[in-house]
**Q** 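Below you'll find the structure I mean.
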There are 2 protein chains.
Amino acid sequence: MADPDPPLRADARRNRQRVLQAAREVFAESGFGAPLDEIAARAGVGAGTVYRHFATKEALFEAVATARVADLVASAQRLATRADPGAAFFDFLAQLGAEAEAKRDTSDAIAVPGALRDTMQDALSLLLSRARQAGAVRPEVTTADLISIIKGLLIAAHDDAEPGRPARLLTIVIAGLRTDRP
Amino acid sequence: MADPDPPLRADARRNRQRVLQAAREVFAESGFGAPLDEIAARAGVGAGTVYRHFATKEALFEAVATARVADLVASAQRLATRADPGAAFFDFLAQLGAEAEAKRDTSDAIAVPGALRDTMQDALSLLLSRARQAGAVRPEVTTADLISIIKGLLIAAHDDAEPGRPARLLTIVIAGLRTDRP
DNA sequence: GAGAATACGGAACGCACGCCCCGGTTGGCA
DNA sequence: TGCCAACCGGGGCGTGCGTTCCGTATTCTC
């Protein structure tokens with residue numbers, strides 16, 4: 001069999017990095033809907049070059065999102081070992097909120113289909129079920145509910161640019177998820 | 001000056017109603033993003049005919065949304081006279097949730113710019129401030145926050161088709177808006 | 001019932017975007 | 001240094017959509 005992984009030429013390697021960097025920036029600013037030409041332009045490259053390195057726009061986004069989601073998952077798994085499951089769960093939500101405040105594509109990133117999304121769901125599921133067992137979260141909330149809420153929250157947080165809003169919305173959602181204390 | 005408002009021909013009047021009805025249905029099913037051709041097809045009419053009656057797709061949506069938003073506003077104003085401001089506020093949210101569960105374009109409808117949106121904001125503002133003064137809602141929530149939350153909620157509720165989710169999400173949001181009871 | 005005003009329909013246009021192609025260029029190796 | 005494969009750029013294609021145009025059909029008026 002032939003060499004399965006011939007090394008890239010120097011300019012190709014360089015352009016690949018430029019495209020990835022530009023994609024990170026543009027997606028973060030404008031979300032997944034940003035035109036691919038803009039990414040190519042910011043990278044100082046033609047659209048064809050982008051497609052040489054990434055088969056599709058979605059594949060490019062995946063490459064960008066993967067690293068970030070992996071970080072989030074790692075953080076979630078670390079938090080899941082904490083002594084206080086309720087605090088761990090809500091801390092993770094806060095972290096997600098902070099990430100979303102800076103980057104417009106977070107809501108798309110956690111929704112990218114694939115193994116990473118499943119891992120993310122598993123991690124969320126674990127945090128949620130531990131918090132639920134500890135009595136910190138109202139019992140009827142499912143993981144799917146949680147993901148919907150998170151997406152809604154991330155979208156709402158970007159509605160307009162008023163500072164402080166993401167934090168307030170997060171407070172409200174956290175309070176809403178908490179067990180009722182009659 | 002000439003007659004400023006010549007009466008429509010019979011077929012024109014008929015088609016106008018058909019277009020409006022088709023638009024109501026299609027927008028409710030598929031949201032504002034639905035192609036205009038589909039509305040024309042369902043009305044049994046050419047696309048040109050739609051444009052004879054409504055200058056733009058947005059104008060058509062406005063015509064459809066106006067009636068519904070006006071109903072919501074009227075309901076909000078009626079609720080605002082209730083004895084229990086907290087219940088009035090949360091009842092209105094529930095009504096909005098019910099509307100959104102049936103129609104996919106609710107989140108777009110309440111965002112249509114114009115006098116009606118301002119009226120809607122005023123009505124919401126009144127409900128919210130009365131509920132806040134009664135101590136039923138956490139004090140730091142602004143009207144703009146509320147609108148963002150509603151939009152996020154309406155979008156999230158349609159994320160997938162699982163029944164019961166809209167109601168659960170609404171419960172969570174309502175609980176989150178409620179004053180803390182330490 | 002005939003003529004004129006009005007309305008109809010759907011083909012055509014413009015635009016934005018994802019994606020592909022190919023003539024020209026560049027980098028690595030002998 | 002010279003050659004060739006790898007790579008580049010950006011113009012071009014296909015698609016989906018909002019919008020417009022114009023030849024034809026329908027309605028109103030007398």
Side-chain angles (χ1 to χ4, degrees), chain A residues 2-27 29-65 104-105 108 111-113, chain B residues 1-27 29-65 104-105 108-109 111-113:
Chain A
D3 185 346
D5 189 10
L8 288 176
R9 235 169 62 176
D11 52 348
R13 216 164 25 237
R14 190 171 52 233
N15 279 330
R16 189 173 212 282
Q17 292 310 314
R18 281 185 188 168
V19 167
L20 275 170
Q21 179 58 27
R24 266 189 287 271
E25 295 173 11
V26 171
F27 282 141
E29 286 167 22
S30 313
F32 178 70
L36 195 132
D37 285 7
E38 196 182 322
I39 295 174
R42 182 163 326 191
V45 139
T49 300
V50 176
Y51 279 95
R52 178 172 326 282
H53 291 290
F54 302 95
T56 184
K57 184 189 179 187
E58 221 173 68
L60 172 59
F61 183 71
E62 219 164 313
V64 164
R104 219 182 173 73
D105 57 345
D108 296 320
V112 167
Chain B
M1 25 185 154
D3 185 347
D5 191 8
L8 286 177
R9 239 170 57 176
D11 53 347
R13 221 172 13 245
R14 191 172 50 233
N15 280 329
R16 188 173 215 281
Q17 292 310 315
R18 282 186 188 167
V19 167
L20 275 170
Q21 179 57 28
R24 265 189 288 272
E25 295 172 13
V26 172
F27 283 141
E29 285 167 21
S30 314
F32 177 72
L36 195 132
D37 285 9
E38 196 181 322
I39 294 173
R42 181 161 327 191
V45 138
T49 300
V50 175
Y51 279 94
R52 180 170 323 283
H53 292 288
F54 302 95
T56 184
K57 184 189 179 186
E58 222 174 69
L60 172 59
F61 183 71
E62 220 165 314
V64 164
R104 219 181 172 75
D105 56 344
D108 296 320
V112 167

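Values reported hereafter were calculated over all heavy atoms of this structure, with side chains retained and with hydrogens, waters and symmetry mates removed.
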**Q** dA7(C) P sits how many Å from Leu8(B) CG, rounded?
**A**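 It is 6 Å, rounded to the nearest whole Å.
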**Q** What pair of heavy atoms forms the shortest contact from Arg13(B) to Leu8(B), and how long is it?
**A**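 Looking at all heavy atoms of both residues, the shortest contact is NH1-O, 3.0 Å.
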**Q** What residues form a side-chain contact (heavy atoms from CB on, under 4.5 Å) with Thr56(B), not counting sequence neighbours?
**A**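 Expected list: Glu58(B), Ala59(B).
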**Q** Students often get this wrong, so: under 4.0 angstrom with heavy atoms, is Gly44(B) touching a base, only sugar-phosphate, or nothing?
**A**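 Sugar-phosphate only.
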**Q** Walk me through it: do Gln21(B) and Arg24(B) pass the test side-chain hydrogen bond (donor to acceptor under 3.5 Å, both in side chains)?
**A** CA-CA 5 Å; Gln21(B) 179 57 28; Arg24(B) 265 189 288 272; 3.1 Å; yes
**Q** Within this structure, what is the CZ-to-C1' distance between Arg13(A) and dC8(D), rounded to whole angstrom?
**A**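 Rounded to the whole Å, the gap is 16 Å.
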**Q** When rounded to the nearest 0.5 angstrom, what is the spacing between CG in Leu60(B) and NZ in Lys57(B)?
**A**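 Leu60(B) atom CG to Lys57(B) atom NZ measures 9.0 Å (nearest 0.5 Å).
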**Q** Hey, does the side-chain of Arg9(B) have a donor or acceptor N/O within less than 3.5 Å of a partner on the base of dA7(C)?
**A**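 Absent.
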**Q** Which residues in residues 45-58 of chain A have a heavy atom closer than 4.0 Å to any atom of DNA chain C?
**A**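 Contacting residues: Gly48(A), Tyr51(A), Thr56(A), Lys57(A).
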**Q** Residues from residues 34-41 of chain B sitting under 4.0 Å of DNA chain C, heavy atoms only?
**A**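 Within this stretch, nothing sits under 4.0 Å of the strand.
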**Q** To the nearest Å, give me how far apart CG (Asp11(A)) and C1' (dG9(D)) are.
**A**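 Atom CG in Asp11(A) sits about 13 Å away from atom C1' in dG9(D).
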**Q** Can you see which heavy atom on Arg16(A) is nearest to which on Phe54(A), and at what distance?
**A**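 Taking Arg16(A) first and Phe54(A) second, the nearest heavy atoms are NH2-CE2, 3.7 Å.
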**Q** Need one value for Arg16(B): base, sugar-phosphate or nothing, where a base atom within 4.0 Å counts as base even if backbone is also close, heavy atoms only.
**A**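 The residue Arg16(B) makes no contact with any strand.
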**Q** For Val19(A) versus Ile39(A), what's the shortest heavy-atom pair and its separation?
**A**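 Heavy atoms of Val19(A) and Ile39(A) come nearest at O-CG2, 4.1 Å.
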**Q** If you look at every heavy atom in Gly31(B) and Arg104(B), which pair is closest and at what distance?
**A**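 Taking Gly31(B) first and Arg104(B) second, the nearest heavy atoms are N-CB, 3.9 Å.
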**Q** In this structure, how many angstroms lie between the C1' atom of dG10(D) and the CG atom of Asn15(A), rounded?
**A**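 Going from Asn15(A) (CG) to dG10(D) (C1'), I get 14 Å.
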**Q** So Phe61(A) and Phe32(A), would you call those rings parallel, tilted or perpendicular, with 30° and 60° as cut-offs?
**A**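 Ring orientation, 0 to 90° scale: perpendicular.
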